[in-house]
Amino acid sequence: MKKILSIGNSFGVDSARYIYSIARAGGERVKIVGLFIGACSLKKHHKHMIDNDNAYELYLNGASSGIFVNMKEALLSDEWDAVVFQHVSYHAGNLPSFFPYIEELSAFVKKCAPNAKQYMHQTWTYPVGSSMFDLTPEIYKTREEMIPYLKSTCEEVVKRTGMQGVIPSLLAMTSLYEELGNKIYRDDLHASYGLGRFALGCVWYGALFNKNPEENDFCDLDEPCDIQDIILARKHAKMACEAYGYLK
């Protein structure tokens with residue numbers, strides 16, 4: 001069984017919704033736990049690490065458990081194969097905002113879960129005209145400006161910290177948006193309950209299990225989706241994973 005712990009926010013909840021079901025359909029046994037605080041930045045995650053408070057709502061296999069835990073408790077609760085970090089979306093392309101917090105978080109995880117591979121979640125940008133651009137730093141105020149910052153910043157963080165790799169959700173969501181537009185969003189920032197979350201689950205499946213999402217037949221989503229759109233989501237997830245050296 002592969003055991004995955006995600007330390008994140010609502011983007012982590014979006015990404016994890018279907019991973020359990022996709023993995024099971026692919027013949028894999030998996031446990032995925034998410035530590036959720038809405039709009040939580042790395043700076044806030046770092047503070048909660050220091051305070052050791054029960055601030056995190058625990059998600060198990062894509063659904064809320066209703067239980068609140070602290071980071072250390074979650075890390076020590078099992079033998080994790082992978083731990084995924086995530087920054088708040090509007091600062092995810094702002095490199096200085098990662099440090100020193102991600103380094104200290106990574107070291108803490110290494111101490112508590114020494115055998116776990118660590119990953120940085122490369123989060124997606126917002127749809128055209130999103131009000132979320134009011135919160136972004138001045139270096140990117142449009143979708144087109146934000147994309148390269150998200151990509152390069154995540155890659156640099158992985159390089160500096162020595163993490164295992166990137167979970168390339170940005171790449172898949174960007175290319176899928178070019179074909180399907182706002183179908184993959186449910187509001188100004190979050191993935192749609194069906195297609196958007198499914199595409200993200202396919203990316204995580206490809207990256208963390210090194211398996212081709214196009215060869216996985218899971219499609220039982222929380223809202224109706226056209227089968228051709230589902231096929232496209234699998235295709236773009238595969239392309240994103242291949243671009244980062246997965247699926248070899």
Side-chain angles (χ1 to χ4, degrees), residues 1-16 19 30-60 65 67-124 137 149-170 200 203-204 207-210 244-246:
M1 175 183 285
K2 186 178 286 289
K3 299 174 182 179
I4 303 162
L5 178 66
S6 170
I7 302 172
N9 46 50
S10 60
F11 277 32
V13 173
D14 279 350
S15 300
I19 297 172
V30 62
K31 173 184 177 181
I32 178 158
V33 169
L35 300 184
F36 165 72
I37 299 175
C40 195
S41 66
L42 290 172
K43 183 177 181 178
K44 289 180 180 178
H45 283 306
H46 181 267
K47 184 178 188 302
H48 290 303
M49 177 191 78
I50 298 297
D51 292 346
N52 200 37
D53 52 3
N54 292 343
Y56 292 95
E57 184 177 358
L58 188 146
Y59 276 68
L60 177 62
S65 69
I67 298 170
F68 284 78
V69 299
N70 60 65
M71 190 186 299
K72 184 176 183 180
E73 177 184 8
L75 284 165
L76 295 177
S77 69
D78 214 328
E79 293 290 329
W80 303 105
D81 296 292
V83 175
V84 183
F85 298 98
Q86 186 176 284
H87 200 1
V88 66
S89 62
Y90 46 85
H91 278 309
N94 180 16
L95 185 61
S97 70
F98 282 75
F99 298 95
Y101 313 110
I102 190 58
E103 293 168 314
E104 295 182 17
L105 284 162
S106 177
F108 183 74
V109 168
K110 184 69 174 176
K111 181 179 179 181
C112 294
N115 296 320
K117 295 179 179 178
Q118 296 184 21
Y119 296 84
M120 196 71 219
H121 188 201
Q122 186 189 67
T123 54
W124 56 96
Y149 277 102
L150 291 172
K151 182 177 184 298
S152 62
T153 297
C154 189
E155 292 170 352
E156 181 63 21
V157 168
V158 167
K159 180 180 177 181
R160 290 192 192 184
T161 57
M163 290 185 189
Q164 184 72 21
V166 167
I167 307 293
S169 295
L170 167 69
L200 295 167
V203 172
W204 283 54
L208 295 175
F209 290 88
N210 208 37
Y244 277 87
Y246 302 112

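- At least one side-chain heavy atom of Met120 sits less than 4.5 Å from a side-chain heavy atom of Ile102.
- Heavy atoms only, all atoms of each residue included: Asn9 and Ile37 are closest at CB-O, 3.1 Å.
- The line from NZ of Lys47 to SG of Cys40 is 10.5 Å long, rounded to the nearest 0.5 Å.
- Ring orientation note: the planes of Trp124 and Phe11 are close to parallel, at an angle under 30° on the 30°/60° scale.
- The OG atom of Ser41 lies 8.0 Å from the OH atom of Tyr101; values are rounded to the nearest 0.5 Å.
- Of all the heavy atoms in Ala55 and Phe68, the pair that sits closest is O-CD2, 4.0 Å.
- The environment of OH in Tyr149 is sparse: at most 12 heavy-atom neighbours from other residues, nucleotides or ligands sit within 6.0 Å.
- Across all non-hydrogen atoms, the minimal contact from Val203 to Ser169 is CG1-N, 3.9 Å.
- Taking the ring centre of Phe99 as origin, the terminal cationic atom of Arg160 falls inside the region bounded by 6.0 Å and 45° from the ring axis.
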Quick one, Leu75 with Phe108, criterion side chain to side chain contact (heavy atoms under 4.5 Å, CB included). Give me CA distance, side-chain angles, the key distance, then yes/no.
CA-CA 9 Å; Leu75 284 165; Phe108 183 74; 3.7 Å; yes
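- The structure places NZ of Lys110 at 12.0 Å from CE of Met163, a figure rounded to the nearest 0.5 Å.
- Sorted by first then second residue, the salt bridge (Lys or Arg N to Asp or Glu O under 4.0 Å) pairs that include residues 77-101, not counting sequence neighbours, are Lys3-Asp78, Lys31-Asp78.
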Test side chain to side chain contact (heavy atoms under 4.5 Å, CB included) applied to Phe85 and Val109, step by step:
CA-CA 10 Å; Phe85 298 98; Val109 168; 3.5 Å; yes
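- Smallest separation of non-hydrogen atoms from Trp204 and Val84: CH2-CG1, 3.6 Å.
- Using a 3.5 Å distance cut-off with no hydrogens or angles, the side chains of Asn54 and Asn70 do pair a donor with an acceptor.
- Considering only residues two or more places apart in sequence or on other chains, Ser89 meets the side-chain hydrogen bond (donor to acceptor under 3.5 Å, both in side chains) condition with Tyr126.
- The SG atom of Cys112 sits 11.5 Å away from atom CD of Glu73, with the distance rounded to the nearest 0.5 Å.
- With hydrogens and angles ignored, the 3.5 Å screen pairs a side-chain donor or acceptor of Gln118 with a backbone N or O of Ser106.
- For NZ of Lys2, the number of neighbouring non-hydrogen atoms (other residues, nucleotides, ligands) closer than 6.0 Å is greater than 12.
- Nearest heavy-atom pair across Pro168 and Ala207 is CD-CB, 4.4 Å.
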Check the pair Phe209 / Ile4 against side chain to side chain contact (heavy atoms under 4.5 Å, CB included), numbers first and verdict last.
CA-CA 11 Å; Phe209 290 88; Ile4 303 162; 4.1 Å; yes
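- Atom CH2 of Trp80 sits about 5.0 Å away from atom CG of Leu5, to the nearest 0.5 Å.
- Summarising the geometry, atom CE belonging to Met49 is positioned 6.0 Å from atom CD belonging to Glu104; distances are rounded to the nearest 0.5 Å.
- A donor-acceptor pair under 3.5 Å is formed between the side chain of Thr153 and the backbone N or O of Gly93.
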Steps toward side chain to side chain contact (heavy atoms under 4.5 Å, CB included) verdict (Leu35, His48):
CA-CA 11 Å; Leu35 300 184; His48 290 303; over 6 Å; no
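- Of all non-hydrogen atoms in Gln122 and Lys151, the two that sit nearest each other are NE2-CA, 3.5 Å.
- Residues Ile67 and Leu60 have side chains not in contact (no heavy-atom distance under 4.5 Å, counting atoms from C-beta outward).
- For the residue pair His87/Ser97, the side-chain donor-acceptor check at 3.5 Å is satisfied.
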